[in-house]
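First up is the structure itself, then whatever we jot down about it.
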Amino acid sequence: MDAFQRFKEDIEAAVGAALRELKVETPVVLERPPTGMGDLAFPCFPLSKKLRKAPDAVAKDIASRIEPHGMIEKVETSGGYVNFRVVFESLAQGAVESALRRKDRYGTPDEGKESRVLVEHTSVNPTGPIHVGRARNPIIGDTLARILRLAGYDVTTEFYVNDVGRQVVMMTWGVKHIALEQEPERPKDDYRYVLHYQQANKKLEDHPELEKEVDDMLYRLEHGDPDTVKLTKENCEKVLAGVMDSLRGLNIDVDGFTWESRFVADGSVDRIIEKLKKSEYCHEQDGAYYLELESFGIAGRETKWFFTRSDGTSVYTTRDLAYHMDKFTRTDVAINILGEDHKLAMQELAAALTIMGVDKKPEIVYYAFVSLPEGKMSTRKGLVVNLDDLIDEAVDRAYDEVRKRRTDLSEERMREIARIVGIGSLRYNIARIQAEKQIVFKWEDALNFEGSSAPFVQYAHARACSILAKAGDWTRAFDSNQYQNEQEKELVKLIAGFPAVVADCAEHRKTHVLAVYMQDLAAQFNQFYRYVPVLKAEGDARNARLALVEASMWTLRNALNCFGIKAPEEM
RNA sequence: GGGCGCGUGGCCUAGUCAGGAUAUGGCACUUGCCUCCUAAGCAAGUGGUCAAGGGUUCGAAUCCCUUCGCGCCCGCCA
């Protein structure tokens with residue numbers, strides 16, 4: 001168990017015992033007091049009423065029953081709070097040693113979690129390149145998966161490929177029947193095929209009589225015509241390869257792909273349809289079947305959820321239902337990263353799972369859309385920023401910054417650092433914001449390299465590496481009594497808090513909380529760097545400070561790694 | 001019409017789940033700091049009716065109600 005957790009549990013036990021003596025029952029909720037008032041606090045206001053005593057008197061009463069022991073150095077009261085001070089030397093010894101020993105696993109609990117977690121993210125339609133609006137999904141998904149891994153879960157990531165439905169047929173029809181008159185923006189299949197897709201849409205608008213050809217193709221696809229299935233899948237694969245290529249540019253990959261068509265082909269969709277038809281919620285209208293979901297909390301003009309069309313074929317969410325039932329045979333926890341436009345569909349899916357007798361439900365992380373200052377991103381209106389363009393721009397801007405600062409590096413090294421900094425900057429600027437908040441994409445925010453940004457953290461890491469590189473030989477055994485000034489102590493406390501932050505983010509499926517922590521840690525390291533000499537210190541103090549620098553380095557690096565951001569040793 | 005989410009200094013943002021001590025950081029702006037481990041840094045300053053109103057409470061950015069603004073959704077599309 002990490003040192004800070006021991007401190008917390010010591011307090012919880014002591015306060016719990018005191019409360020039993022006072023014959024009151026209340027959960028022991030601790031909070032962080034303002035600086036200078038201890039390390040954890042127990043507010044007594046809720047107890048004030050129960051005991052009919054002033055909060056401060058309650059606090060004094062509780063404090064009088066607790067003797068410093070274990071990780072508790074001091075118990076004080078102030079204005080209705082019982083404030084606890086940690087035994088700093090124990091905390092420091094425990095946390096810094098742990099970071100030096102666990103290295104890139106610092107932040108992981110000693111005992112791993114048993115549960116398997118499947119994070120489904122991205123899952124964009126394979127009909128064209130990925131744009132910035134949609135890129136929020138892989139960034140949140142990949143970051144969350146990395147946090148969960150560090151928190152000790154057995155994590156798999158997956159991309160669900162929508163290779164069924166009208167859009168992919170439209171694209172395939174376009175590839176087959178339309179010759180491109182313009183060059184794609186980039187020599188990549190996702191850019192090439194999206195032109196076929198767009199032109200197919202246009203052609204059908206102008207020539208509605210061709211609609212039947214597309215309908216026929218859709219029919220053949222849904223009824224498993226081998227040639228159509230093969231052709232469609234090949235096209236999707238090509239576009240998908242282009243999309244994944246873009247994502248790898250952001251240091252994002254997935255462990256596997258699941259193709260939607262699989263659930264049509266293997267009969268699982270049909271079995272689900274047959275079972276749903278027998279449900280008491282099922283009704284039929286013009287040959288199409290739906291569930292009446294009003295009793296499942298679905299509100300609005302329409303509470304019917306159609307799970308078949310009148311020709312008997314399935315709709316998207318029906319196939320998604322099959323996918324989720326398949327998921328739950330492979331995982332304990334399913335987490336989906338989805339745009340907020342999927343909320344209703346997921347409510348319907350959850351209701352359908354209940355009706356199917358499945359007691360598990362996917363957990364959904366919803367994110368709001370990224371828009372441009374000019375308005376909503378729209379491929380039709382040409383109002384999009386493609387992810388590839390954003391990456392290129394970020395790396396170019398970062399390259400200019402590197403050049404400005406470093407004249408001693410090789411061209412190759414500068415390019416390498418620019419890539420690390422530029423991409424880190426992008427990822428951080430998405431992951432640092434609560435998923436449910438809308439983002440208006442602005443170049444100056446996305447390419448901000450100072451203040452609250454990835455380069456700020458990367459810079460702190462590079463500084464730590466620089467010190468360690470110049471340190472020569474030093475012994476990893478250190479004495480935590482050497483940490484005497486405030487900058488060192490604050491830094492130690494932040495490092496000690498890292499495992500708890502990782503656990504909290506993992507538990508609540510949040511990425512932005514870790515972003516805030518990482519920023520604080522880097523800021524504190526920079527203060528330490530400014531005020532506390534390391535290499536010029538002597539003897540035990542030098543040794544202890546080097547240990548602290550290395551612990552900082554691992555913590556910064558592990559936090560950056562959670563965001564898929566590389567930690568350069570120089571920049 | 002109904003459902004869901006968001007609203008915190010000029011701009012971005014933490015805190016909201018679990019009410020509690022002086023509302024967190026950043027950008028921008030003003031001003032200092034490189035004979036000292038990388039100034040992508042550090043320090044100081046200006047700037048707030050926590051959308052508005054009401055309620056609950058000893059205490060509300062946080063909980064409840066109403067209103068306003070923005071986003072998303074309410075298809076036999078995906």
Side-chain angles (χ1 to χ4, degrees), chain A residues 27 29 31 33-34 37 41 43-46 48-49 54-55 78-81 83 125 127 162 164-168 260 285-290 297-304 306-317 319-320 339-345 347 366 368-369 371 376 398 401-402 404-406 421 425 429 432-440 442 444-445 448-460 462-471 508 512-513 515-517 519-520 522-523 525-527 529-537 545 549 570-571:
Chain A
V29 179
E31 55 185 79
M37 310 199 78
C44 300
F45 304 92
S48 168
K49 197 170 224 176
S78 169
Y81 291 88
N83 293 327
N125 285 323
T127 50
N162 310 129
V164 178
R166 198 172 180 84
Q167 342 191 29
V168 290
E260 184 177 359
Q285 183 180 312
D286 304 329
Y289 290 85
Y290 66 91
I298 308 271
R301 286 195 187 104
E302 201 49 88
T303 55
K304 296 170 183 173
F306 280 88
F307 60 94
T308 76
R309 304 191 185 110
S310 49
D311 66 0
T313 55
S314 60
V315 298
Y316 175 80
T317 308
R319 298 186 293 269
D320 207 16
E340 60 181 344
D341 54 332
H342 283 74
K343 279 184 184 178
L344 178 60
Q347 264 187 291
Y366 292 108
F369 289 114
S371 60
K376 219 174 135 175
E401 296 297 320
V402 180
K404 250 192 258 173
R405 292 160 222 269
R406 300 294 294 263
V421 167
S425 204
N429 268 291
R432 61 182 259 264
I433 294 172
Q434 278 184 44
E436 54 273 19
K437 289 212 186 196
Q438 294 155 230
I439 297 180
V440 178
K442 298 196 186 91
E444 62 265 36
D445 292 342
N448 168 32
F449 294 154
E450 51 189 31
S452 180
S453 70
F456 178 90
V457 182
Q458 290 171 317
Y459 189 66
R463 282 176 147 183
C465 289
S466 172
I467 292 175
L468 294 170
K470 289 177 182 164
H508 293 102
H512 73 278
V513 175
V516 172
Y517 168 85
Q519 205 65 41
D520 289 347
F525 182 81
N526 281 329
Q527 285 176 42
Y529 183 90
R530 165 71 179 75
Y531 292 106
V532 184
V534 177
L535 297 177
K536 284 184 183 164
R545 285 172 189 175
V549 171
E570 60 177 352
M571 59 188 278

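Letters A, B, ... are given to chains in the order of the sequence lines, protein chains preceding strands, and every chain is numbered from 1.
- Listed by chain and number, the residues in a side chain to side chain contact (heavy atoms under 4.5 Å, CB included) with A/I439 are A/R136, A/V370, A/I430, A/I433 (sequence neighbours excluded).
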Worksheet item: Which letter, B, S or -, goes with each nucleotide of nucleotides 59-74 of chain B from 5' to 3', with contact meaning a protein heavy atom under 4.0 Å?
Response: -----------BBSSB
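- Atom NZ in A/K437 sits about 8 Å away from atom C1' in B/rA14, given to the nearest Å.
- B/rC70 adopts an anti glycosidic conformation, its chi angle falling more than 90° from 0.
- For the ring-ring contact (aromatic ring centres under 6.0 Å, His included) test, residues two or more places apart in sequence or in another chain that qualify with A/F525 are A/F528.
- Taking A/R405 as the reference, A/E401 meet the side chain to side chain contact (heavy atoms under 4.5 Å, CB included) condition, with sequence neighbours excluded.
- For the pair A/I439 CD1 and B/rG7 P, the interatomic distance rounds to 13 Å; values are reported in whole Å.
- Remark: A/E450 engages no residue in a salt bridge (charged side-chain N to carboxylate O under 4.0 Å, His left out) (not counting sequence neighbours).
- Applying the side chain to side chain contact (heavy atoms under 4.5 Å, CB included) criterion to A/K343, with sequence neighbours excluded, gives A/E340, A/Y366.
- In terms of polar N and O atoms assigned as donor or acceptor, the side chain of A/N526 never comes within less than 3.5 Å of the base of B/rA43 in a complementary pairing.
- Every residue was checked against the ring-ring contact (aromatic ring centres under 6.0 Å, His included) condition with A/F449, not counting sequence neighbours, and none meets it.
- Atom CZ of A/R166 is separated from atom C1' of B/rA78 by 12 Å (rounded to the nearest Å).
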Worksheet item: Can you give one letter per nucleotide of nucleotides 23-31 of chain B, 5' to 3': B if a protein heavy atom sits under 4.0 Å from the base, S if only from the sugar-phosphate, - if neither?
Response: ---SSS---
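- By the ring-ring contact (aromatic ring centres under 6.0 Å, His included) test, A/Y289 pairs with no residue at all, sequence neighbours left out.
- Computed from coordinates, the A/Y366 OH to B/rG3 P distance equals 17 Å when rounded to whole Å.
- Protein atom CD of A/Q458 is 15 Å distant from nucleotide atom C1' of B/rG41, rounded to whole Å.
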